[in-house]
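One structure is given here, and the rest of the page talks about it.
Count residues from 1 along the sequence.
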Amino acid sequence: MPVVGLLDQRSPDELADRLRGFRQGLKDSDFVEGQNVAIDYRWAQNKEDRLPELAADLVRRRVAVIAATGGIGPTLAAKAATTTIPVVFIVSDDPVRLGLVASLARPGGNLTGINFFNVELTAKRLELLRELVPATTRVAVLINPANTENTESTLREVEAAARAMGLQIQVLNASTSREIDAAFATIVRERPDALFVGNDAFFNARRVQLALLAGRHGVPAILSDREYAEAGGLMTYGSNIVDVYRQVGVYAGRILKGAKPADLPVVQSTKFELVINAQTARMLGLTVPPTLLATADEVIE
């Protein structure tokens, strides 16, 4: 039975829907876990420094393919661990610029995967935030400095978009739960009109904390992953992440059937979703414009 290694920097209880998507993608390629394929999971439990050893462990296990999910960290760890075992990645930034592949159409090495466009959607998120909160002029931007590549891209995009929209931004850093608390203490003191949270696996893992703090302190906030709105957050806009994981499963299955990652083009997301938590909007004293309600993919009541 072939073995697929799945490497992620989070913990499995945070990713139930995404894992179902991944297994569905394998099934779409005629592989069912426990019947004709095994999945060997490696979880870093939000400790990024564990990723290199976990990746090396999968290489020692001689898995047939590694699915590196949860951002650039697992992908770079897998890339450093092997030049021969195929790696299917998920990244939100340009994989060519990151040095992962030679080109989108012809990756050329042992890596291919999914580019899910979260960085490029930064301007759209700011526009949605101001549409919901029209008086917005000052926006706090929360980023994770430990995720260097993603942070640089996010700041570049958000600064350009804010200039174009005439918004002032204040950058706040957080790489731990305590630092998120400290960032909200600054938000309470400075009173920005809204909060933009950068796309980051750590922030997704802390979505309940972010939703609770934003609600407690009356801060309208937008994130990329729909799980934030499901956890009580105000609004999310980004790629359909469950479908992204499904596509990773499809590619892993195709590789198990003999396809070479060098010949599998990098897939770019085409499904995006806007999710609004109407109950949270009411709690914050916000009236969601009918145009925004009409364009939302889901409104949580």
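- Criterion: ILVMFWY side-chain heavy atoms under 4.5 Å apart, direct or through other members. Under it, Phe202 and Phe184 are part of a common hydrophobic cluster.
- Side-chain contact between His217 and Ile187: absent, with no pair of heavy atoms (C-beta onward) separated by less than 4.5 Å.
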Quiz item: Going through the distances and angles, do Asp17 and Arg226 end up as a salt bridge (Lys or Arg N to Asp or Glu O under 4.0 Å)?
Solution: CA-CA 11 Å; Asp17 288 342; Arg226 66 173 293 127; over 6 Å; no

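- Rounding to the nearest 0.5 Å places CD1 of Ile85 at 9.0 Å from CZ of Arg62.
- The existence of a salt bridge linking Glu33 and Arg23 is confirmed by a sub-4.0 Å separation between a basic side-chain nitrogen and an acidic carboxylate oxygen.
- Distance check: Glu127 CD to Thr136 OG1 gives 13.0 Å after rounding to the nearest 0.5 Å.
- One distance of note links OG of Ser239 with CG of Asn199; it measures 8.5 Å at 0.5 Å rounding.
- What you find for Phe203 and Gly198 is that their closest heavy atoms are CD1-O, 3.3 Å.
- At a threshold of 4.5 Å between non-hydrogen side-chain atoms, the residues Asp40 and Leu58 count as touching.
- Using a distance-only test at 3.5 Å, with no hydrogens or angles considered, no donor-acceptor pair links the side chain of Thr82 to the main chain of Ala78.
- Between Arg246 and Asp28, at least one side-chain N (NZ, or NE/NH1/NH2) sits under 4.0 Å from a carboxylate O, which counts as a salt bridge.
- Defined by atom type and a distance below 3.5 Å, a donor-acceptor pair is present between the side-chain atoms of Ser177 and Gln209.
- No more than 12 heavy atoms of other residues, nucleotides or ligands sit less than 6.0 Å from atom NZ of Lys271.
- Contact of the Val37 side chain with the Val4 side chain is registered, since non-hydrogen atoms from C-beta on lie closer than 4.5 Å.
- Cluster annotation: Leu264 is not connected to Val91 through the hydrophobic network of ILVMFWY side chains, with a link wherever side-chain heavy atoms come within less than 4.5 Å.
- Under the 4.5 Å side-chain criterion, counting only non-hydrogen atoms from C-beta, Asn277 is not in contact with Tyr228.
- Cluster membership check: Phe196 shares its hydrophobic cluster with Leu274, using side-chain heavy-atom separations under 4.5 Å among Ile, Leu, Val, Met, Phe, Trp and Tyr.
- Taking both residues in full, the closest heavy atoms of Thr236 and Ala229 are given as CG2-N, 3.7 Å, listed atom of the first, atom of the second, then distance.
- Note: the hydrophobic cluster containing Phe272 does not contain Val197 (ILVMFWY, side chain heavy atoms under 4.5 Å, direct or indirect links).
- Val158 has its side chain within reach of Ile169: a pair of non-hydrogen atoms, C-beta onward, lies under 4.5 Å apart.
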Distance-only criterion, 3.5 Å: show the donor-acceptor pairs between side-chain atoms of residues 98-107 and protein atoms not counting sequence neighbours.
from: Ser103; atom 1: OG; to: Arg106; atom 2: N; distance (Å): 2.9
from: Ser103; atom 1: OG; to: Arg106; atom 2: O; distance (Å): 3.1

Practice problem: Could you check Leu132 against Leu234 for side chain to side chain contact (heavy atoms under 4.5 Å, CB included), going step by step and ending with a plain yes or no? | Solution: CA-CA 10 Å; Leu132 183 54; Leu234 176 62; 3.6 Å; yes

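- Counting heavy-atom neighbours within 6.0 Å of Glu190 CD, excluding the residue itself, gives a total above 12.
- For Arg207 (side chain) and Ala231 (main-chain N/O), no donor-acceptor pair under 3.5 Å exists by modelled atom type.
- Residue Val266 is not grouped with residue Val248 when hydrophobic side chains (ILVMFWY) are merged at heavy-atom distances under 4.5 angstrom, including chains of intermediate members.
- Going from atom CG of Leu167 over to atom CG of Asp193 covers 9.0 Å, rounded to the nearest 0.5 Å.
- Interatomic distance, Met283 CE to Leu286 CG, rounded to the nearest 0.5 Å: 9.5 Å.
- In this structure, Asp93 and Ser153 have side chains that are in contact, with non-hydrogen atoms separated by less than 4.5 Å.
- A donor-acceptor pair under 3.5 Å is absent between the side-chain atoms of Asn240 and the main chain of Thr270, judged by distance alone.
- Between Glu131 and Pro289, the shortest heavy-atom contact is O-CG, 3.6 Å.
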Practice problem: Tell me, with the steps shown, if Ile276 and Val288 meet side chain to side chain contact (heavy atoms under 4.5 Å, CB included). | Solution: CA-CA 9 Å; Ile276 299 171; Val288 183; 4.1 Å; yes

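- The minimum heavy-atom distance between Gly71 and Thr75, with the atom names listed, is O-OG1, 3.4 Å.
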Exercise. Kindly determine whether Arg60 and Glu53 satisfy salt bridge (Lys or Arg N to Asp or Glu O under 4.0 Å), including the steps that lead there.
Key: CA-CA 10 Å; Arg60 286 193 294 270; Glu53 175 53 32; 2.6 Å; yes

Quiz item: After noting the C-alpha distance and the side-chain angles of Leu26 and Tyr251, does the key distance pass the side chain to side chain contact (heavy atoms under 4.5 Å, CB included) rule?
Solution: CA-CA 8 Å; Leu26 280 170; Tyr251 260 19; over 6 Å; no

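- Using a 4.0 Å cut-off between a side-chain N of Lys or Arg and a carboxylate O of Asp or Glu, Glu157 and Lys124 do not qualify as a salt bridge.
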Practice problem: Kindly indicate, with the supporting measurements, whether the criterion side chain to side chain contact (heavy atoms under 4.5 Å, CB included) is fulfilled by Val275 and Met235. | Solution: CA-CA 6 Å; Val275 181; Met235 181 165 57; over 6 Å; no

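- Residues Val244 and Ser269 approach most closely at CG2-OG, 3.6 Å, considering heavy atoms.
- For the pair Asp57 and Arg61, the salt-bridge criterion is not met [side-chain N within less than 4.0 Å of a carboxylate O].
- Using a 4.5 Å cut-off on side-chain heavy atoms (C-beta onward), Leu172 and Ile143 make no contact.
- When side chains are defined from C-beta on, Thr154 does not count as touching Asp200, because their heavy atoms never get closer than 4.5 Å.
- Using a cutoff of 4.0 Å between basic side-chain nitrogens and carboxylate oxygens, Asp181 and Arg178 are not scored as salt-bridged.
- When every heavy atom of Arg254 is checked against every heavy atom of Ser29, the shortest pair comes out as N-OG, 4.1 Å.
- Ion pairing of Asp8 with Arg18 is absent here, as no side-chain N (NZ or NE/NH1/NH2) approaches a carboxylate O to less than 4.0 Å.
- Using a 3.5 Å distance cut-off with no hydrogens or angles, the side chains of Asn110 and Thr83 do not pair a donor with an acceptor.
- Between Arg206 and Glu179, none of the side-chain N atoms (NZ, or NE/NH1/NH2) sits under 4.0 Å from a carboxylate O, so this pair counts as no salt bridge.
- Taking CZ of Phe22 as the reference point, atom OG1 of Thr69 lies at 8.0 Å (rounded to 0.5 Å).
- For the pair Arg156 and Glu152, the salt-bridge criterion is not met [side-chain N within less than 4.0 Å of a carboxylate O].
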